[in-house]
Amino acid sequence: QVQPVESGGGLVQPGGSLRLSCVASGSAFRSYTLAWFRQAQGKEREFVGTVRGSGGGFRSYYADSVKARFTISRDNAKNTVYLEMNSLKPEDTAVYYCAVGGGVILSNVRNPGAYSYWGQGTQVTVSS
C-alpha cells in the first residue's frame with residue numbers, strides 16, 4: 001500500500017520561497033508518476049505539476065500559473081518528491097496534495113482521477 005506523506009507547508013511572505021516534500025512507500029517508486037495538486041478554500045482541486053516515472057523519462061510538466069516559479073524534483077533513492085516554490089504569491093495559498101499514480105499516460109497527468117494514492121495535504125499560506 002502506497003501512502004504519501006507531505007511535509008513542509010507553512011506561512012510565508014509574498015515573494016518568498018518554500019519547499020514541500022512527499023515521501024511515498026512502495027518498491028515500484030521509480031515507475032510512479034508523482035504530482036502535486038492544490039485546493040484553495042472554496043475552489044476545486046487544481047493541477048500544479050507532475051514528474052513522470054521511468055517510463056516517461058522523469059520529465060516534468062507544470063500548470064501555466066506556476067511555470068518558471070515552481071520546480072518538481074524526485075529522489076528515487078529516498079522515495080521522495082519535492083516541490084520547490086519561489087516568488088510565492090497570495091493566490092498560491094492553498095492546501096497542497098501529493099498524488100501518486102502508476103501507468104499514468106501523458107495526456108492524463110493533469111487529471112486528479114489518474115492518481116490512485118493521495119497524501120493528507122499540507123497548508124501553504126502566502127501573506128504579509
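Under the 4.5 Å side-chain heavy-atom criterion for ILVMFWY residues, no single connected hydrophobic cluster contains both Val95 and Val23.
Pairs of residues two or more places apart, or lying in two chains, that qualify as side-chain hydrogen bond (donor to acceptor under 3.5 Å, both in side chains) and include a residue from residues 8-30 are Ser17-Asn86. The list of ring pair (Phe, Tyr, Trp, His ring centres under 6.0 Å) pairs with a residue in residues 93-124, not counting sequence neighbours, reads Phe37-Tyr115, Phe37-Trp118. For residues 60-128, every residue pair satisfying the disulfide (SG to SG under 2.5 Å) rule, not counting sequence neighbours, is listed here: Cys22-Cys98.
For the 3.5 Å distance criterion, the side chains of Thr93 and Glu91 fail to qualify, holding no donor opposite an acceptor.
For the pair Phe58 and Arg74, the minimum side-chain heavy-atom distance is below 4.5 Å.
Among all heavy-atom pairs drawn from Ser127 and Pro14, the shortest one is C-CD, 3.6 Å. Scanning all heavy atoms of the two residues, the minimum distance from Phe29 to Asn79 falls at CZ-C, 3.3 Å.
Partners of Lys89 according to the salt bridge (charged side-chain N to carboxylate O under 4.0 Å, His left out) rule, which considers only residues two or more places apart in sequence or in another chain, do not exist here. Applying the salt bridge (charged side-chain N to carboxylate O under 4.0 Å, His left out) test to Arg69 and every residue at least two apart in sequence or in another chain returns Asp92.
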Contacts under 3.5 angstrom, residues 103-113 side chains, donor-acceptor by atom type, not counting sequence neighbours:
unit_1	atom_1	unit_2	atom_2	d
Asn108	OD1	Asn111	ND2	3.3
Arg110	NH2	Tyr62	O	3.4
Asn111	OD1	Gly113	N	2.9

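To the nearest 0.5 angstrom, Tyr61 atom OH is 5.5 Å from Arg52 atom CZ.
Looking at Ser116, its side chain never comes within 3.5 Å of a backbone N or O of Gly101 through a donor-acceptor pair.
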